[in-house]
Amino acid sequence: MPGKLKAKIVAGRHLPVMDRASDLTDAFVEVKFGNTTFKTDVFPKSLNPQWNSEWFKFEVDDEDLQDEPLQITVLDHDTYSANDAIGKVYIDIDPLLCSEAATRICGWFPIYDTIHGIRGEINVLVKVDLFNDLNSFRQSSCGVKFFCTTSIPRCYRAALVHGFVEELVVNEDPEYQWIDRIRTPRASNEARQRLISLMSGELQRKIGLKVLEMGGNAVVGYLQCFDLEGESGLVVRAIGTASPNTNTHSNTAPASNACNSPSKDSKEATWAMFKQPVLDISFPLIGVLNNQFRHFLFLSVLSGMGSGGSAGKEAGPLKTLLRQHTQSALEQREFPFFTLTCFPPGFLVHVGGVVSARSVKLLDRIHNPDEPETRDAWWEEIRQEIKSHAKALGCHAVVGYSESTSICEEVCILSASGTAAMLNPRFMREGCLDAGGSDHRLSRQPCGFCHIPYDEFNMPFPAQLTYCYRCRRQKVPDVLFTTIDLPAEAAVTGKGCLIQARLCRTKKKAQGEVNATAISNLLPFMEYELHTQLMNKLKLRSMNALFGLRIQISVGENMLLGLASATGVYLSALPAPGGIQVAGKTPSDLNYDQHIATMQKRINDTITKNKELYNIHPPESTEELVGSPIPDRQRSRLFRSTSESSDELLELDLSHGKKDAFVLERGSVTMSINMFVSSGFYSCNTEVMPGIYNWTSGLQMFTSVRVYRLSNANLTNQGLNKIFTELCENLLKSLYFKLRSMIPCCLCHVNFTVAVPEEELIQMGAVRLNCVCVCGCVFVCLFVSGSGENEDQLQFSMELCADSTPSNNQPTSKPSVSSAERCSPLPEGRSRSLRSTRSMPCGAPVAVVKMTPLSFLPGTRIVKYLGIINMFFIRETTSLREEGGVSGFLHCFIAEVFAMVRAHVAALGGNAVVSYSMKECVFMENPNKNQAQCLINVSGDAVIFVRESEQEATPPLMSSGQISSTGADGTT
Amino acid sequence: MRMSVELDVFVGNTTIMDEEVYQFWLDGYTVNDAVKVRMEGGVLEECEASAEVLHSDTMDQYRTFQMCERLLHSPAKLANQLLFQIPPHRQAMLIERYYAFDGVFVREVLGKKLSKGTKKDLDDVSAKTGVTLKSCRRQFDNFKRVFKVVEELKGPLVENIRQHFLLSDQLARNYAAIVFFANNRFETGKKKLHYLTFQDFAFCAGQLISYWTVGAVDNMVEDMDVDLEKQFLQDLKELKILITDKDLLDQHKSLVCTALRGKTKVFNEMETNFKNLSRGLVNIAVKLTNTKDVRDFFIDLVEKFIEPCRSDKWTAGDMRLFLTHYTNSAHILDTFKHQVLWDRYMGVIKSCILKMYHD
């Protein structure tokens, strides 16, 4: 019995009126952990009760501590009838189980009800006493740290990277249990919330065990997903990178560590490296009567290799394979997957390109939650494929790896993608990832990662190779696509920008295998076309590399949606991109020729304009080497793009009509003209904007959700494409407009998610279409002068600073920080002083908690990671119209989710959430019944940060931690 | 092929609010009207946004404000609620603007009972003033809410309003005036009073609160600043002697005339009218024990004093000069014993009349 959990209920405030007669409430609280429940006294007739309860003590196994949440229920006492529930608070106590993380949870939590939303707040104090664990066969993994951040967390240092860890837990979805027919929606929602909370706890614990087995002590890039498989189940997946971190910690440690950690062995230097775990959980739903196994159709899209088979057949061998996979750390190390997107300098030796794999599956009931091997096997296949793709590119590792699913009824598309790369073997073996200790030549060379990892004479696909434009010694490809962030050492010319390719494909409504086959057949075309679009848009902007590429394919009843987002940049090491030639289908018509010529001119003008816009002025010498942009190069480049991860698709180019390409081209031209007129506004989907280095601390994270309804008359591919493109453009425009007060600013880490929700209720021939969800974060990036004209000049000097020593960097960046505080609409400095001078009559004001999808906060330094935040909420309403319709309902719910995340972080003692993401946002409505339901899953890392200016006391970090200081200025 | 936006939300971690849109919302504009005005305002050219974008933004903001409204009803909650993360200076702005009111509107309801009946008539007020009905209702509810809260509080009125509703000093003073007028039901709607602005009345209310209420003597009783001091009103009857005693009246007149001779162009008019004017002022004092006469306080001031003077073309300077000497001369009257009472009465009357004496 290795742990004692203690909880104290202090007070409540702003409670709702539960007794209409007196306009008051007789509130009491139930505190539940596992099967033990305690109650406070009733505090009669008050909306602001003061319970000041005793310490409620739970003596529990640490296994339970990891799995279970502490459940606090606030009720209204009623003498004659059943007590009414006001709402609940679930507190994940995991952060208290790590000695370095939070020590107690203490603060105001919103009391949440799945029907009514937030109803008042409750003040709670929670502590955990852990005893030493003497059991060597333990099932818990207390002490393993989890990070959502996809880079080595700023105040830690990785000693050794172990590799990939994954786990899968399966359960039944309570929403589909028979009992759901008789219980209230509230009870059903709460059962679901609790179950998912339990499952993610269990999942995390199991992953932790694997990490411990491997000798690691932390998981970075932890990614956990839920797959709601409708009638056949609910799947939760997670992936990450596991590594043992060598030291670590915090404020002063890195400095001291820099000199001595290489000599330490891995036991002492436990901090530095992380392994990646992948977690998958599948939940079957009971609703289905048919127990028979369905056959799975498995088509690997990119390679074109298809395989069919039943789950029964495949499960056995794959499972053993999986065992081997996780058990042999050596194997893992030879071929690691990394969910990280950002690496210490020198870690990446070469980058090959994007590798991805998709497969279409038919969902089936999961019969035994303890044997989730079916889902395991599916993912295993995909990972194997990714592995072989990477090998074909001459790489031994995959970085920036992620997995996702799209489910429509019984069809499920599983996708995985990553970037094939060669890593520096030093990092796999020794206990040191020090910036200073690593290979100096490699880490300093700004073009090394661009050099091809594969054999020039035995290329896996046709590509134009040239000598590197920086070092002139090694070969580089003409374009580079990756899923990672721009490496800190990379030299770029000009600025980057967000590039998106959007695509819709209609398909016939079908069932079962027919449907799956239809989808499988469509996928290669979609993938190809997305690549073509990306390539053309890249050229239109005169850029030659994509970072942070994320391709999402969503499946709906009668259409497929593809959305690729990436950040385009001009890598100085790569050759200048060629132009775009417009070709007509038949050269007979004179008017048509003229039209083509006009198009061509417009395209050329746009390219010139974009060069100005993004400040892309490569040195003249480039031209000599390349010669004039050759039209034929274009074709080969198109080839190249598709062959990024597949040879099979090469033939497709021929079958691909010129006409389509032409239409797309035209679309993209007009788009690019319209899109970037708002000056001072930049966007990218990577952590930082390439080419902009002077960040200020003004920060705004937001979530935006849109749902469109399409009338389904004559849905054509072209019409759909146009609508989809408009929709994305409008959303971006809307964002620019909303955030105009922050200009000049940059939209970073914009994460688009599209879905085609199932139509439960077909009305009037209308089909509900897309739900676009953007989660992003906006920085105010202020050029010192604050005016557009001086931008270039400043830009230049900034770049110089970043390239030279970091100490030079400080003085230049500081003025920009201070000036931003003056101009940004949300200056923290000012608000703080205002708050302190203003007398607030009702207790202390609420502490500000920042949220960001980035792994850092500009102008600040993270001093402590308090633990992972992983929350799942359900909200339902039966009075949709009264709550302001669907928009009002969702607006309120998202605000409530933010509030609950902030409250948890504040209670842990933190002041920010980094690497925040909204993993899932499922929205269902039934306007006829005036009902709606929404599920949201969010995660992130709770941290404590201090402003750069407040931490003068620790200068060693500035000088030793070049990564972190330049990172804060936006170069990593 | 058409598509329609079914759901469109944008939520920021720090709640984004546009002051301009907030004003439209407060003013009761519909979303479409607000969009129209914004488009005319030129935001579009600035940001290259389309009407659609503007509409979406306006909707978002309106929703946010609607959700905040509940909190704004008890502003202290805004500071410690968890739902919206709003920087303190923005919170102050939200509250201040929410409680701000239109001069024309408040002029219509000033002194009326803040009852359901009055609320029902708001559509007439809206039609008359051009303030939207929605905005009228918000302002009316604000008055009522503040009234209800301070009714039950001890201590100084202005300070209570300021602390409870986190308003600026100026706004709190205005609310104090509104509460004071509503409580005493002063008549302000008569035609003769139409020329007076809310600020004129607010100033007078401030004077009355500071010098004539219970709070002027004792600062820890309920309603201290809302009710006029009963004893004081009772005592005012004693002033009657100034007009009933003929010697005293003549003596008072000659003292004032001596002091003013040669100093004003309207001396003759003043001299002929003195007795009437003095009777007017003293009679107001004497009758204040009647609630009905308290209500007519301002109309009496205008009818009995301001109008006669205006028809004689007194300037503001004349007025000041007269009132000063009229007040001071009473001290020299041998048989007049109520100096303190007289000063307390005339001090307020003088400043009120001076404020009200304009076109």
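We name chains A, B, ... by the order of the sequence lines, and we start the count at 1 in each one.
- Side-chain atoms of A/I118 and B/L83, non-hydrogen and from C-beta on, do get closer than 4.5 Å to each other.
- Here the straight-line distance linking atom OG1 of A/T703 with atom CZ of B/F10 works out to 8.5 Å at 0.5 Å rounding.
- Interface remark: A/V897 contributes no atoms to any contact with chain B (heavy atom separation under 4.5 Å).
- Contact of A/E896 with chain B is made through backbone and side chain together, with heavy-atom distances under 4.5 Å.
- Atoms CG and CZ, on B/N13 and A/R902 in that order, are 5.0 Å from each other to the nearest 0.5 Å.
- For the pair B/L7/A/R706, no side-chain contact is recorded, criterion being any heavy-atom separation below 4.5 Å from C-beta on.
- B/D60 touches chain A through backbone and side chain together, each having a heavy atom under 4.5 Å away.
- In this structure a side-chain-to-backbone donor-acceptor pair under 3.5 Å is missing from A/E121 to B/Q81.
- In this structure, B/R145 places its CZ atom where more than 12 heavy-atom neighbours from other residues, nucleotides or ligands lie under 6.0 Å away.
- Only the backbone of A/F109 comes within less than 4.5 Å of a heavy atom in chain B; its side chain stays farther off.
- Distance check: B/Q66 CD to A/E883 CD gives 12.5 Å after rounding to the nearest 0.5 Å.
- B/R63 contributes no side-chain N or O that, together with a main-chain N or O of A/G884, makes up a donor-acceptor pair within less than 3.5 Å.
- With chain B as partner, the option from A/L890, A/I894, A/V849, A/V901 having the largest number of non-hydrogen pairs under 4.5 angstrom is A/V849.
- Using modelled atom types and a 3.5 Å distance limit, the side chains of A/N730 and B/E52 yield a donor-acceptor pair.
- Residues B/T64 and A/H891 form a side-chain contact, since some pair of their non-hydrogen atoms from C-beta on lies under 4.5 Å apart.
- Between chain B and the options A/S887, A/A899, A/S734, heavy-atom pairs under 4.5 Å are most frequent for A/S887.
- Separating the CD1 atom in B/I16 from the CZ atom in A/F702 is a distance of 8.5 Å, to the nearest 0.5 Å.
- Atom NZ of A/K738 sits about 5.0 Å away from atom OG of B/S56, to the nearest 0.5 Å.
- The local environment of CZ in B/F198 is crowded, with over 12 non-hydrogen atoms from other residues, nucleotides or ligands closer than 6.0 Å.
- A/K850 contributes atom NZ, which lies 7.0 Å from atom OG1 of B/T14 (distance to the nearest 0.5 angstrom).
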